[in-house]
*Asks:* 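This is the structure I have questions about; it appears just below.
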Amino acid sequence: MNARTVERLAGALVLVLLGGFMLGLIATGTYWNYLNPKFMRLTGAAGVVLLFCGLALPFDRGASPGWSNIAVLSVFLVLAGISAAGFGENTAEADLFFSGGKEEAQPARVEWNGQEYVRMNTAEVLLLIDRTPNATGERVAVRGFFTRSGDLATAGRAAIVRTAVVCCLADALAMGMLVSGDAASAPPSGAWSEILGTIEPMPQGWAGNYTVRIPGSIFTVLDDRYVLHIDHAAAADPPAMPYIFEFREKEPYAY
Amino acid sequence: MFEDLNMFATMTTAVFLEAAPFLLLGSLLGVLFETYMPAGRLERLTPKSTLGRVLVGVFAGLLIPTCECGVVSIVRKMLKKGVPPTTAIPYMMCAPVINPVVLASTYVAFQGDYAMLSWRILMVLAPAVGLGLALNRIPSQHLLKGGLLLQEEPSCGCGGACCAGHEPEGRVGPITILARTGAEFVELGKYLALGAMASAAFKVFTPPAAMEWFAQSPWLAVAGMMGLAIVLSICSEADAFVAASFSFMPRAAQAAFIGVGPMVDLKLIAMFSAVFHRRITAALVIVPTATVFVLAMVMQGVGG
């Protein structure tokens, strides 16, 4: 076996491992930790093609994948392996992003104390505020986790947020609202809750750019005109996929 | 520390996985193009006038949409087959933006803001046309990195038509196509992986408050958002949503973010350096960056 053959075999192995990793993410249900599930078929198809490319590579004696290329992709595969193996070992707020499972569809509205609240995710609340001339008084039910990190801690405030992913984790943004009311002070940072709340104008002295670090997010978007006054809050399990992958502009919202 | 390493690994993996199918598709199309398109055929099909050739390149993305991750591979094969740089380079720069999917996502992200959409198109169009015209007199192959052509020739020097396992062009079977696609993917995948690692490192290890420092003046905001677009390496389909979220930044800075990102980012710079001659790589980085900055400042000036 000459050096060229070994190089082709090493290149083939890298391709097979890459293809296998892509298919493995789908098979194990952990795909959503990296990408929006709407791309799952695309990734699956690419994984299959990469497998075939890897199987074909040793047979093309003219091919020369290059040792440096193989080495860098091998480093990538090690990182991918670390990432996939580490899902169960994160702590604190990062923990919130690495749990999975499936859940049943929820009713579009929930009633509490004689009032109806429309279920939507935090990104949809921000969209609602954007397209509504005056969002004051809108009643919404949102799921998310409390955060008091960064500037929020300094100001003694809290926000309810969730991370939204359009394509992949690289574009992840934490989106949410500052919360007000007596119940806002109780839940610890990182606690998942379902909040039934009323959108209210931002109280005097609350405005400002709050820098909040949420693991995995480029940036945290908090509405700068309104707060969510908590009418009722209850501890909740994180959704099966804690990220927001879908945004709707009318009921039933993606929630 | 372990959490940061894990997040770095996850982010790197996410960026790579997002781009990999498009890089693979680009590699496959490039190999098919190289194998089955007779040399000079496409050159004969393109218009004779320089401007016509540039316009074909600019708007080809509407018919052959591709993202920035796959387009470099396709353009490399185009140039090797003699497609004039006046067409290939504008195609490479415009296709990731001037295509139906990205135009629609920009429109949605900025809630039907046609001005923002128009500025984005202009920021991509201007450097693409400029570079297309500037490269008019340079032969296609001269744009490519010197060693690349030799590297892809079979080691026996037969030109791919001897008995040592290379099938003559025209009788290439599916196994060879797959093998060549795989080899192409491994070669460009290295640069994708390096770009993904650099992007992930920035994202994980930079304090979030750093960006707010740039919001102090329009100059800084535009420069900061352009720098962010370059290091984050976000897909052109999603970058408008990220740009729109930086609501505390001037609109011109948001436009600069979505203008420069699809033409210049870390993974693209790495791929450019693998494929193109050093001076061309420099031009592909500097010209779009400078043009977008100037246009963004004009946008800021006119209140666009």
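Atoms considered below: every heavy atom in the structure, side chains included; atoms not considered: hydrogens, waters and symmetry mates. What you see is a predicted model, and the numbers here were worked out from it, not measured in a lab. Numbers restart at 1 for each chain; the letters A, B, ... are given by sequence-line order, proteins then strands.
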*Asks:* So what's closer than 4.5 Å to chain B heavy atoms on Leu42(A): side chain, backbone, both or neither?
*Replies:*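 The answer is both parts of Leu42(A).
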*Asks:* What part of Ser68(A) lies closer than 4.5 angstrom to a heavy atom of chain B: side chain, backbone, both or neither?
*Replies:*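 When you check distances to chain B, atoms from both the backbone and side chain of Ser68(A) fall under 4.5 Å.
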*Asks:* Knowing that exactly one of Asp223(A), Leu178(A), Val142(A) qualifies, which makes a side-chain contact (heavy atoms from CB on, under 4.5 Å) with Leu228(A)?
*Replies:* Val142(A)
*Asks:* Only pairs of heavy atoms separated by less than 4.5 Å count here; which of Leu17(B), Thr181(B), Ile234(B) has the most with chain A?
*Replies:* Leu17(B)
*Asks:* Excluding sequence neighbours, so at least two apart, what forms side chain to side chain contact (heavy atoms under 4.5 Å, CB included) with Ala179(B)?
*Replies:*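 Here the qualifying residues are Ala56(A), Leu57(A), Asp60(A).
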*Asks:* Pick one of side chain, backbone, both or neither for Phe21(A), based on which atoms fall under 4.5 Å of a heavy atom in chain B.
*Replies:* side chain
*Asks:* Residues in side chain to side chain contact (heavy atoms under 4.5 Å, CB included) with Thr5(A), at least two apart?
*Replies:*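 Here the qualifying residues are Met1(A), Asn2(A), Arg8(A), Leu9(A).
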*Asks:* Parallel, tilted or perpendicular: which describes the rings of Phe245(A) and Trp32(A), with under 30° parallel and over 60° perpendicular?
*Replies:* perpendicular
*Asks:* Which of these, Lys145(B), Arg180(B), Arg76(B), sits in a salt bridge (Lys or Arg N to Asp or Glu O under 4.0 Å) with Glu187(B)?
*Replies:* Arg76(B)
*Asks:* Go through the atoms of Ile175(B) and report whether side chain, backbone, both or neither lie under 4.5 Å from a heavy atom of chain A.
*Replies:*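 Both backbone and side chain of Ile175(B) come within 4.5 Å of chain A.
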*Asks:* With a 4.5 angstrom heavy-atom cut-off, which part of Leu50(A) approaches chain B: side chain, backbone, both or neither?
*Replies:* both
*Asks:* If you count heavy-atom pairs under 4.5 Å with chain B, which of Leu55(A), Val49(A), Val14(A), Leu35(A) comes out on top?
*Replies:*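 The residue among Leu55(A), Val49(A), Val14(A), Leu35(A) with the greatest pair count is Leu35(A).
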*Asks:* With a 4.5 angstrom heavy-atom cut-off, could you sort out which part of Leu77(A) is near chain B: side chain, backbone, both or neither?
*Replies:* neither
*Asks:* Pairing donors with acceptors under 3.5 angstrom, does anything connect the side chains of Arg120(B) and Thr106(B)?
*Replies:*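 A pair is found: one side chain offers a donor N or O, the other an acceptor, under 3.5 Å apart.
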